[in-house]
Amino acid sequence: MLEMKFVRNNPQVVQAALAKRGSSVTLDEFLKLEEQRREKLFMVEQMKNRRNTVSEEIGKLKKAGQKAPDMVLEMRELSREIKEKDEEVKALEERLQVILLDIPNIPHESVPIGTSETDNPVMRIWGEPCGFGFQPKPHWDLGEALDIIDFERGGKVTGARFVFYKGLGARLERAVFNFMLDLHTTEHHYEEIFPPFIVNRDSMVGTGQLPKFAEDMFKIEGSDYYLIPTAEVPVTNLYRNEILDGEKLPILHCAYSACFRAEAGAAGRDTRGLIRLHQFNKVELVKFCRPEESYTELEKLTQNAERVLQLLGLPYRVILLCTGDMGFSSAKTYDIEVWLPSYQAYKEISSCSNFEDFQARRASIRFRNAKGKVELAHTLNGSGLAVGRTVAAILENYQEADGTVTIPEVLRPYMGGLDRIG
RNA sequence: GGAGAGUUGGCCGAGUAGGUUGAAGGCGCUCGCCUGCUAAGCGAGUAUACGGGCAUAACCUGUAUCGAGGGUUCGAAUCCCUCACUCUCCGCCA
């Protein structure tokens with residue numbers, strides 16, 4: 001969410017940012033209502049001031065044993081008017097809030113202007129897609145042949161886009177996220193969090209999933225609770241409505257969680273395999289920092305995520321999302337894409353974003369700076385990494401001609417020393 | 001799920017027969033004084049949001065906020081209702 005005052009005073013800046021993202025929303029209504037709000041607020045506050053003054057006087061008179069029926073009568077009428085005006089102001093504020101919550105973040109100046117993913121520049125490429133001396137299989141075929149992933153029964157027991165991992169498949173999934181957590185906590189100094197996988201509505205609004213993207217979420221019927229689409233939600237909301245000690249910044253957290261997504265708009269896309277499931281595992285990196293350091297922290301966070309792929313020996317590239325392809329809450333986003341032989345393409349495995357103060361304002365996450373003044377923190381997060389997609393990439397990139405899969409060396413301690421599946 | 005007790009500022013903790021209480025007192029913190037060092041002592045300051053004045057600064061000023069939302073009243077931290085959360089006991093369960 002942008003600041004009401006900022007939008008009021010810089011409508012052309014906001015309008016230009018919206019245009020860059022390809023949005024045609026106008027601010028006319030907002031500006032009109034905002035002016036009305038301030039007018040009415042000023043009026044009602046003056047009325048309240050009078051009520052406070054007179055009420056105090058009545059109190060004094062009463063204490064002195066006197067009565068003031070005419071004053072009481074006048075105040076009764078005034079209070080009635082205040083109530084009316086208060087409701088008008090409240091209605092305006094609610095409407096303004098709805099508009100504000102719907103305005104996406106302003107892209108950082110370093111973000112290239114573009115309309116779709118074809119406009120995303122490639123920042124760097126690591127490793128090389130390896131050639132196979134045989135016809136490589138997609139991971140869903142490997143998973144079934146090795147009897148380590150069961151897609152069919154996932155469909156039977158739950159439904160489309162749910163899977164069972166079994167045996168060494170389950171072990172591999174667990175090995176991958178344990179490896180990621182260990183790497184981030186020990187080498188990158190993130191503090192581990194194990195969050196709730198269910199959050200309330202306020203948390204979903206805080207990180208920007210609601211109110212705009214309700215159809216992407218699983219809501220728990222008969223309650224105000226939602227299944228988390230990413231650990232970003234509970235972990236960022238850890239400090240909602242808090243004022244942090246500036247000395248403690250930056251705060252670095254990493255968290256494993258299952259993630260639940262309705263994938264409402266994804267019909268027909270990535271229907272096979274582990275790439276797009278309603279439930280998947282992910283290790284998330286989250287940072288809270290001072291505004292002046294958030295962009296260097298974004299670079300570091302992205303590198304921390306890349307490190308996982310480097311250690312696993314999986315070829316990847318990093319792209320910078322253009323204005324038209326960026327998420328609603330983000331000011332700047334790098335996507336890390338891993339090479340998937342089955343797609344003959346790089347496929348997103350991590351998304352690292354700086355939200356600046358956009359989430360912090362929604363969630364009221366602030367800190368006290370060196371001068372003792374309260375400032376909004378900047379929040380960042382990135383996948384470090386999506387576990388299922390990592391497993392898919394390992395199976396495909398490490399497959400052998402005989403249908404077995406070599407286990408990357410760094411994972412072997414997590415696999416009981418095993419060096420091969422199959 | 002049943003019964004009871006709570007929820008006040010960075011923290012602890014007063015305050016409920018409604019009336020200068022944004023809120024005593026203490027701790028912590030900041031600045032100044034004092035002081036061989038440390039400790040102690042003295043003085044001052046120390047919430048946030050949104051308006052108005054104003055340069056979107058400093059500062060001045062208004063309004064709101066004592067878990068959240070409603071209600072009663074000229075006036076509510078204090079009375080009433082609903083909800084959330086915490087604690088204790090019982091039940092249930094991993």
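Labels below follow one simple rule: chain letters A, B, ... track the order of the sequence lines, proteins then strands, and each chain is numbered from 1.
- Across all strands, Lys63(A) comes closer than 4.0 Å to no nucleic acid atom at all (heavy-atom distances).
- Atom P of G91(B) sits at a distance of 36 Å from the matching atom of C11(B), rounded to the whole Å.
- Here the side chain of His188(A) pairs no donor or acceptor atom with the backbone of Tyr190(A) at under 3.5 angstrom.
- Separating the P atom of A94(B) from that of C81(B) is a span of 38 Å, rounded to the nearest Å.
- With a 3.5 Å ceiling on both atom-pair distances, U20(B) lacks any Watson-Crick or G-U wobble partner.
- Using a cut-off of 4.0 Å between Lys/Arg side-chain N and Asp/Glu carboxylate O, Lys60(A) and Glu57(A) are scored as not salt-bridged.
- Side-chain atoms of Asp335(A) and Ser351(A) include a donor-acceptor pair closer than 3.5 Å.
- Side-chain N/O atoms of Ser203(A) and Arg240(A) include a donor and acceptor closer than 3.5 Å.
- As rounded to the nearest Å, A76(B) and A68(B) have P atoms that lie 15 Å from one another.
- Comparing the same atom, P, in A39(B) and in G51(B) gives a spacing of 45 Å after rounding to whole Å.
- Projected onto RNA chain B by closest heavy-atom contact, Thr53(A) and Met71(A) fall at different nucleotides, the more 5' of which corresponds to Thr53(A).
- Phosphate contact (OP1/OP2 of G67(B), side-chain N/O of Asn241(A), threshold under 4.0 Å): absent.
- The partner of C89(B) is G2(B), judged by Watson-Crick or G-U wobble contacts that both fall below 3.5 Å.
- If you take CG of Asp245(A) and P of U30(B), they are 12 Å apart, rounded to a whole angstrom.
- Among A64(B), G70(B), C74(B), the nucleotide with an atom closest to any side-chain atom of Lys90(A) is G70(B).
- Remark on RNA chain B: of its neighbouring residues Arg51(A) and Lys83(A), the 5'-side contact belongs to Lys83(A), judged by nearest-heavy-atom nucleotide.
- When both pairing distances are held under 3.5 Å, C37(B) makes no Watson-Crick or G-U pair with any nucleotide shown.
- Ring centroids of Phe177(A) and Tyr256(A) are separated by less than 6.0 Å, placing the two rings close together.
- We find that CG of Leu73(A) is positioned 14 Å from C1' of U73(B), with the value rounded to whole Å.
- Per the geometry, CD1 belonging to Ile82(A) stands 13 Å off C1' belonging to U73(B), to the nearest Å.
- The gap from the C1' atom of C60(B) to that of A55(B) amounts to 15 Å, rounded to the nearest Å.
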Test log, rule ring-ring contact (aromatic ring centres under 6.0 Å, His included), inputs Tyr226(A) and Phe218(A) = CA-CA 6 Å; Tyr226(A) 295 80; Phe218(A) 285 111; over 10 Å; no

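- The side chain of Asn49(A) has U63(B) as its nearest neighbour among G71(B), C74(B), U63(B).
- Pairing for A94(B) is absent, with no Watson-Crick or G-U wobble pair whose two atom distances lie under 3.5 Å.
- G67(B) and C83(B) make up a base pair, with Watson-Crick or G-U wobble contacts both under 3.5 Å.
- Nucleotide G75(B) holds its C1' atom 13 Å from the CG atom of Leu61(A), rounded to whole Å.
- For the pair Lys85(A) NZ and U63(B) P, the interatomic distance rounds to 18 Å; values are reported in whole Å.
- Straight-line distance between the C1' atoms of A3(B) and G9(B): roughly 33 Å, to the nearest whole Å.
- Shown here, G9(B) forms no base pair; nothing in the strands shown gives a Watson-Crick or G-U wobble contact with both key distances under 3.5 Å.
- No side-chain donor from either of Thr207(A) and Arg362(A) sits under 3.5 Å from a side-chain acceptor of the other.
- With a 3.5 Å ceiling on both atom-pair distances, the Watson-Crick or G-U wobble partner of G28(B) is U46(B).
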query = Quick one: what's the B/S/- string for nucleotides 48-61 of chain B, heavy-atom cutoff under 4.0 Å, read 5' to 3'?
reply = SSSSS-----S---

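- A straight line from CD of Glu74(A) to P of U73(B) spans 18 Å, rounded to a whole angstrom.
- Atom CE of Met75(A) is separated from atom C1' of C74(B) by 7 Å (rounded to the nearest Å).
- Applying the Watson-Crick and G-U wobble criteria (two distances, each under 3.5 Å), A57(B) pairs with nothing in any strand.
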task = Please test Gln359(A) against Ser329(A) for side chain to side chain donor-acceptor pair (under 3.5 Å), starting from the C-alpha separation and ending with a verdict.
result = CA-CA 7 Å; Gln359(A) 291 182 328; Ser329(A) 303; 4.9 Å; no

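- Between C85(B) and G13(B), the two P atoms lie 23 Å apart (nearest whole Å).
- Between the side chains of Tyr316(A) and Glu306(A), at least one donor-acceptor pair of N or O atoms lies under 3.5 Å.
- A straight line from CD of Gln66(A) to C1' of G19(B) spans 15 Å, rounded to a whole angstrom.
- Note on Asn52(A): a side-chain N or O is less than 4.0 Å away from OP1 or OP2 of U63(B).
- Side-chain atoms of Thr323(A) and Arg21(A) include no donor-acceptor pair closer than 3.5 Å.
- Taking the C1' atom of each, A64(B) and A23(B) are spaced 14 Å apart, rounded to whole Å.
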